[in-house]
Amino acid sequence: MIWSVESIDFAVDGIPSYRVTRDDIARYGPPAAALDSLKFLVLNLALGGQYPAAVNNVRLPYRGLPDATVTAIQNDRAKMFVDWVRVTRR
């Protein structure tokens with residue numbers, strides 16, 4: 001994840017996977033000033049809220065979560081594997 005004053009960019013193994021811009025935050029989530037506040041690293045499987053549905057347009061069975069994801073969570077098959085985390089400052 002690279003956090004700048006205009007966006008947060010996510011990558012997996014160096015391959016860009018998602019970008020959230022100041023405009024995206026203003027449109028779908030909290031105030032764009034969210035980019036200006038301190039951040040803390042949290043690694044978890046928390047899902048939900050308004051943001052996923054606003055981006056992926058999934059409404060059923062749960063807002064923002066496809067049926068396959070809900071089923072995996074219900075059957076305790078949702079897993080997160082973290083090999084390593086590095087935090088640096090530019």
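Only this structure's heavy atoms are used, side chains among them; waters, hydrogens and symmetry mates stay out. Position 1 is the first residue of the sequence, and the numbers go up from there.
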*From D9 CG over to Y18 OH, what is the distance, rounded to the nearest 0.5 angstrom?*
11.0 Å

_Reported CD1-to-NZ distance for the pair I73 and K79, which is rounded to 0.5 angstrom_ = 11.5 Å

_Path from V5 to I25 over hydrophobic side-chain contacts below 4.5 Å_ = no

*I8 side chain reached by M1 side chain, heavy atoms, under 4.5 Å*: yes

*asked:* Using 0.5 Å steps for rounding, measure from the OG1 atom of T21 to the CZ atom of R27.
replied: 6.5 Å

*Determine the minimum heavy-atom distance between N44 and V42, stating which atoms define it.*
ND2-CG1, 3.4 Å

*Yes or no on side chain to side chain contact (heavy atoms under 4.5 Å, CB included) for R22 and D36, after CA distance, side-chain angles and deciding distance?*
CA-CA 10 Å; R22 190 172 288 276; D36 303 325; 2.9 Å; yes

_Around atom CG of D76, are there more than 12 heavy atoms from other residues, nucleotides or ligands closer than 6.0 Å?_
no

*For A11 against G14, the heavy-atom pair lying closest together*: CB-C, 4.1 Å

*Any idea which heavy atoms bring V82 and V85 closest together, and the distance?*
CG1-CG2, 3.7 Å

_Heavy-atom pair of closest approach, residues R77 and T71_ = NH2-CG2, 3.5 Å

_Can you give me the closest heavy-atom contact between L35 and S4, atom names plus distance?_
CD2-O, 4.1 Å

